[in-house]
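In what follows, a single structure is set out as structure tokens and then discussed.
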Amino acid sequence: QVQLVESGGGLVQDGGSLRLSCAASGIIFGINAMGWYRQAAGKQRELVALTRSGESTIYADSVKGRFTISRDNAQNTVTLQMYSLKPEDTAVYLCNAEISTNRRVYHAYWGQGTQVTVSS
């Protein structure tokens with residue numbers, strides 16, 4: 001089976017930095033997209049950053065200029081480098097990937113999430 005595992009979350013002060021990583025493992029033929037979402041307490045899940053094969057990278061307006069998403073295709077990983085973190089960035093960050101295991105159909109997979117807390 002395919003599994004996504006996030007790491008790198010933690011507690012930082014306002015203005016600090018964190019680097020989140022997500023590794024996909026299992027039987028993987030291809031990955032069309034990998035990205036990061038976040039869900040703050042009491043709020044809807046929102047897209048943070050998404051990289052899709054053959055398309056431009058997408059960032060939420062709230063993180064543009066502060067966050068950078070990157071993929072390592074050889075290792076099936078995606079990272080999110082976060083700078084200038086703000087308290088409003090506090091959320092559970094979830095990795096998402098569109099993965100094919102059969103060369104035909106892609107399915108969305110989710111990690112369990114990693115907590116990012118930014119204190120003021």
Can you name the side chain to side chain donor-acceptor pair (under 3.5 Å) partners of E88, sequence neighbours left out? none
Applying salt bridge (Lys or Arg N to Asp or Glu O under 4.0 Å) as the test, list every pair that has at least one member in residues 1-17; sequence neighbours left out. none
Could you tell me whether the side chain of Y59 reaches within less than 4.5 Å of the side chain of T68, counting heavy atoms only? yes
Start with the C-alpha gap between R71 and S53, add the side-chain angles, then the distance that decides, and say whether side-chain contact (heavy atoms from CB on, under 4.5 Å) holds. CA-CA 10 Å; R71 281 183 62 183; S53 298; 3.7 Å; yes
Which residues pass the side chain to side chain contact (heavy atoms under 4.5 Å, CB included) test with D72, not counting sequence neighbours? A74, Q75, T77
Is it the case that the side chain of N102 and the backbone of V105 share a donor-acceptor pair, with hydrogens and angles ignored and the cut-off at 3.5 Å? yes
Is there a side-chain contact between L50 and T57 in this structure, where contact means two heavy atoms from C-beta onward sitting under 4.5 Å apart? no
Can you name the salt bridge (charged side-chain N to carboxylate O under 4.0 Å, His left out) partners of R66, sequence neighbours left out? D89
Consider only side-chain heavy atoms of I, L, V, M, F, W and Y, link residues closer than 4.5 Å, and tell whether Y83 and L20 are in one cluster. no
Please, which pairs that meet side chain to side chain donor-acceptor pair (under 3.5 Å) have at least one residue in residues 40-51, sequence neighbours excluded? R38-E46
Full working for side-chain contact (heavy atoms from CB on, under 4.5 Å) between Q115 and Y93: CA-CA 6 Å; Q115 177 70 44; Y93 284 70; over 6 Å; no
With sequence neighbours left out, the residues meeting side chain to side chain donor-acceptor pair (under 3.5 Å) with S17 are none
Say whether M34 and Y109 are linked into one hydrophobic cluster, either directly or through other cluster members, by side-chain heavy-atom distances under 4.5 angstrom. yes
Kindly write out the residues that satisfy side chain to side chain donor-acceptor pair (under 3.5 Å) with Q39, not counting sequence neighbours, or none if the list is empty. none
Please say yes or no: joined through hydrophobic side-chain contacts below 4.5 Å, possibly via intermediate residues, are L80 and V116 part of one cluster? yes
Assess the residue pair L85 and F67 against the criterion (side-chain contact (heavy atoms from CB on, under 4.5 Å)); give the C-alpha distance rounded to whole Å, side-chain angles, the decisive distance to 0.1 Å, and a yes or no. CA-CA 9 Å; L85 284 162; F67 293 8; 3.8 Å; yes
Side chain to side chain contact (heavy atoms under 4.5 Å, CB included) involving V5 - partner list, sequence neighbours excluded: Q3
Non-hydrogen side-chain atoms of I28 and V2 separated by less than 4.5 Å: yes
List the steps, then state whether side-chain contact (heavy atoms from CB on, under 4.5 Å) holds for T79 with R19. CA-CA 7 Å; T79 64; R19 181 181 175 89; 3.5 Å; yes
Any side-chain donor near an acceptor of the partner, T90 and T117, under 3.5 Å: no
Please confirm whether the backbone N or O of A33 pairs with a side-chain atom of Y106, one donor and one acceptor, at under 3.5 Å? no
Sub-4.5 Å side-chain heavy-atom contact between N76 and I31: yes
Over all atoms of both residues, closest heavy-atom pair of I99 and A24: CD1-CB, 4.2 Å
Once disulfide (SG to SG under 2.5 Å) is applied, what residue pairs with a partner in residues 15-120 remain, sequence neighbours excluded? C22-C95
Do I69 and L94 belong together in a cluster built from hydrophobic side chains that touch within less than 4.5 Å? no
Pairs touching residues 18-43 that satisfy ring pair (Phe, Tyr, Trp, His ring centres under 6.0 Å), sequence neighbours left out: Y37-W110
Using the side chain to side chain donor-acceptor pair (under 3.5 Å) criterion, which residues pair with T101? Sequence neighbours excluded. none
Which residue pairs pass the salt bridge (Lys or Arg N to Asp or Glu O under 4.0 Å) test when at least one of the two sits in residues 98-113, sequence neighbours left out? R52-E98
